[in-house]
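By convention in this document, chain letters (A, B, ...) are assigned in the order of the sequence lines, proteins followed by strands, and residues within each chain are numbered from 1.
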Number of protein chains: 2
Amino acid sequence: MNFKESHILILNNVARFIDLTELEKQKYISLLAEVKVKKKAYLMQAGEIAQYEYFIAKGCLKVYTLDEDGAPHISMFAIEDYWTGDMASFMTKEPTRYFIKATEDSELLGISRANYDLLFQEIPKFERFYRKLYQRSLISYIRRSNHGISLDAVERYIAFKKKYPKIVNRITQRDLAAYIGITPEFMSKIISKVNRM
Amino acid sequence: MNFKESHILILNNVARFIDLTELEKQKYISLLAEVKVKKKAYLMQAGEIAQYEYFIAKGCLKVYTLDEDGAPHISMFAIEDYWTGDMASFMTKEPTRYFIKATEDSELLGISRANYDLLFQEIPKFERFYRKLYQRSLISYIRRSNHGISLDAVERYIAFKKKYPKIVNRITQRDLAAYIGITPEFMSKIISKVNRM
DNA sequence: TAAAAGTCTTAAACTAGTTCATTTTTTTTC
DNA sequence: GAAAAAAAATGAACTAGTTTAAGACTTTTA
């Protein structure tokens with residue numbers, strides 16, 4: 001059977017952890033929804049209940065919350081081969097506090113809550129896939145939150161550029177500031193300072 | 001069969017997500033090691049490779065790293081019914097950067113890396129258990145790191161007291177400062193300020 | 001139970017990052 | 001491709017939290 005581009009990408013992603021038969025592959029693909037979002041459009045907005053978890057086949061999105069003063073705090077930039085969504089809302093069916101907005105035209109594959117539950121019944125191997133996926137996320141999450149600690153803003157900026165060279169050029173300085181945890185004004189100062197070095 | 005206190009606790013913890021037969025329970029327990037740590041003793045030190053993941057049956061421990069200046073940053077306080085360890089080191093077999101130190105005499109159950117792998121072979125249900133455990137950790141991790149954002153130190157202190165009333169009284173003000181992310185001196189100021197309110 | 005070690009408090013001088021206001025540059029839209 | 005909107009740069013005044021230092025209090029240890 002011929003899979004389309006985005007399906008090949010997600011199957012490769014899954015193949016990192018589990019092997020699927022041709023039939024299982026087709027079954028899995030049949031449980032996914034194709035979603036397109038134009039630049040500046042929202043995939044999710046605060047107050048909604050997260051209906052899907054997404055795999056990004058193409059594009060770039062930012063995941064963020066707004067604090068009491070209305071200032072954005074970006075928790076991740078999601079690009080090709082990443083998973084995104086709000087797992088808390090997806091699992092508990094409570095309203096999300098996140099916005100997910102495309103910063104480029106993007107193509108995603110989404111799994112609904114119903115199909116997610118079905119997946120484990122139909123292909124129990126996926127328990128293992130998600131066990132490993134969540135374990136990895138947890139590790140990188142813990143690493144990230146621990147790494148940033150005791151670094152000043154300049155060091156965090158340099159670390160980000162080093163760790164995500166592919167992302168730096170695809171996002172605005174403003175959004176990077178909202179991710180690093182400083183004001184856009186201070187980000188501007190940092191950049192001109194670092195470039196002068 | 002009669003299980004001892006700590007075994008009952010861990011079986012209850014597991015029962016939140018999966019049902020085990022009597023035989024499976026015994027098999028599971030047989031894969032666990034009993035570990036006792038006296039107050040001030042280390043369960044883990046930076047440089048070592050994490051040999052176990054631990055369940056806490058009794059006591060209190062702090063998990064922390066030291067930054068370049070030798071200042072401690074506490075990432076969690078672990079008490080009864082919590083899991084702890086360094087999952088990154090446990091999985092990758094790279095040396096840990098963490099210290100885990102008992103702040104009270106403590107009793108733990110540990111699973112070794114070999115037995116962890118064996119567990120999934122012997123009782124595949126545990127894929128589901130860990131999938132759900134990691135999912136939950138991920139959710140609370142994400143929530144925590146997102147919640148703290150844009151709160152000042154006083155607000156973070158108040159939030160901690162509210163969220164972990166059982167822990168506050170069991171730890172020093174110094175350790176709380178190392179968790180909240182401020183100096184002990186500033187913590188002292190905050191507390192006298194909050195108490196005056 | 002005395003000494004040692006660690007914790008807490010207080011205060012003055014300091015600094016990384018914020019806030020606010022204005023101008024310039026870049027990107028988007030029609 | 002001109003007008004509007006958003007992003008970036010720059011600078012001065014400000015503030016939350018740090019640093020350093022020293023004395024008082026508490027807990028641990030022998």
Side-chain angles (χ1 to χ4, degrees), chain A residues 37-42 60 62 64 66-74 77 99 101-105 148-161 167-197, chain B residues 37-42 60 62 64 66-74 77 99 101-105 148-161 167-197:
Chain A
V37 234
K38 285 253 174 250
K39 182 169 180 174
K40 289 196 181 178
Y42 289 94
C60 183
K62 56 183 176 186
Y64 64 97
L66 297 179
D67 67 22
E68 314 77 54
D69 309 326
H73 295 266
I74 295 179
F77 297 103
F99 296 85
K101 192 174 184 178
T103 64
E104 300 173 4
D105 292 355
I149 226 144
S150 92
L151 269 59
D152 67 18
V154 174
E155 294 168 321
R156 275 176 284 153
Y157 167 65
I158 292 171
F160 183 90
K161 277 216 315 199
I167 298 184
V168 185
N169 319 302
R170 291 169 77 169
I171 60 177
T172 63
Q173 209 167 294
R174 242 186 142 67
D175 280 346
L176 185 48
Y179 177 88
I180 296 253
I182 55 173
T183 57
E185 292 88 345
F186 195 54
M187 182 88 253
S188 174
K189 268 173 216 171
I190 282 176
I191 287 180
S192 71
K193 184 180 166 188
V194 171
N195 289 342
R196 259 184 284 112
M197 299 199 309
Chain B
V37 235
K38 285 254 175 248
K39 182 170 179 174
K40 288 194 179 175
Y42 291 94
C60 183
K62 56 183 177 185
Y64 63 97
L66 297 178
D67 66 22
E68 313 77 56
D69 307 328
H73 294 266
I74 295 179
F77 298 103
F99 296 83
K101 192 174 185 179
T103 64
E104 301 172 3
D105 293 354
I149 226 145
S150 90
L151 269 59
D152 67 18
V154 174
E155 294 167 320
R156 274 176 285 153
Y157 167 64
I158 292 171
F160 184 89
K161 277 213 320 196
I167 297 183
V168 185
N169 319 302
R170 292 169 76 169
I171 60 176
T172 62
Q173 207 168 294
R174 241 187 143 67
D175 280 347
L176 185 47
Y179 177 88
I180 297 252
I182 55 174
T183 59
E185 291 87 349
F186 194 54
M187 182 88 254
S188 176
K189 266 179 218 169
I190 281 176
I191 287 181
S192 71
K193 184 180 166 188
V194 170
N195 288 343
R196 261 184 282 110
M197 298 200 308

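Distance CG (Asp69(A)) to P (dT18(C)): 13 Å, rounded to an integer number of Å. For the pair Asp152(A) CG and dT19(D) P, the computed distance is 12 Å after rounding to whole Å. When rounded to the nearest whole Å, the span between CE of Met187(B) and P of dT7(C) equals 15 Å. Distance, Ile171(B) CD1 to dC8(C) C1': 15 Å, rounded to whole Å. Atoms CG (Asp175(B)) and P (dG6(C)) sit 13 Å apart, rounded to a whole Å. Put simply, NZ on Lys40(A) is 7 Å from P on dA7(D), counting in whole angstrom units. Distance CZ (Arg174(A)) to P (dT18(C)): 13 Å, rounded to an integer number of Å. Rounding to whole angstrom units, NE2 of residue His73(B) and P of dT18(D) are separated by 10 Å.
In the set dA8(D), dT10(D), dT7(C), dA8(D) carries the atom at the smallest distance from any side-chain atom of Gln173(A). In the set dT18(C), dA7(D), dG17(D), dT18(C) carries the atom at the smallest distance from any side-chain atom of Ile182(A). Closest to the side chain of Thr183(B), out of dA8(D), dT19(D), dT18(C), is dT19(D). Of the listed nucleotides (dA9(D), dC8(C), dG17(C)), dA9(D) has the atom at the smallest distance from the side chain of Ser188(A). Of the listed nucleotides (dG17(D), dT10(D), dT7(C)), dG17(D) has the atom at the smallest distance from the side chain of Arg156(B). Distances from the side chain of Phe186(B) to the nucleotides dT7(C), dT9(C), dT18(D) place dT18(D) closest. Closest contact between the side chain of Glu185(B) and the listed nucleotides dG17(D), dA12(D), dT10(C) involves dT10(C). Checked against dA7(D), dT18(D), dT7(C), the side chain of Thr172(A) finds its nearest nucleotide in dA7(D). The side chain of Lys189(B) lies closest to dT18(D) when the candidates are dA8(D), dT18(D), dT10(D).
Not one N or O on the side chain of Asp69(A) forms a donor-acceptor pair closer than 3.5 Å with the backbone of Ala71(A).
Ile171(B) places none of its side-chain heavy atoms less than 4.5 Å from the side chain of Lys62(B).
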I'd like to know whether Phe160(A) forms a side-chain contact (heavy atoms from CB on, under 4.5 Å) with Ile167(A), so could you lay out the CA-CA distance, the side-chain angles of the two residues, the decisive distance to 0.1 Å, and finally the verdict. CA-CA 9 Å; Phe160(A) 183 90; Ile167(A) 298 184; 4.1 Å; yes

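A salt bridge (Lys or Arg N to Asp or Glu O under 4.0 Å) with Glu104(A) is found for exactly one of Lys40(A), Lys39(A), Lys38(A), Arg170(A), namely Arg170(A).
For the pair Ile191(A) and Ile190(B), nearest-nucleotide mapping onto DNA chain D gives the more 5' position to Ile191(A). Place Lys39(B) and Leu151(B) on DNA chain D by their nearest nucleotides, and Leu151(B) ends up nearer the 5' end.
Taking each heavy atom of Val37(A) and Ala41(A) in turn, the nearest pair found is CG1-CB, 3.9 Å.
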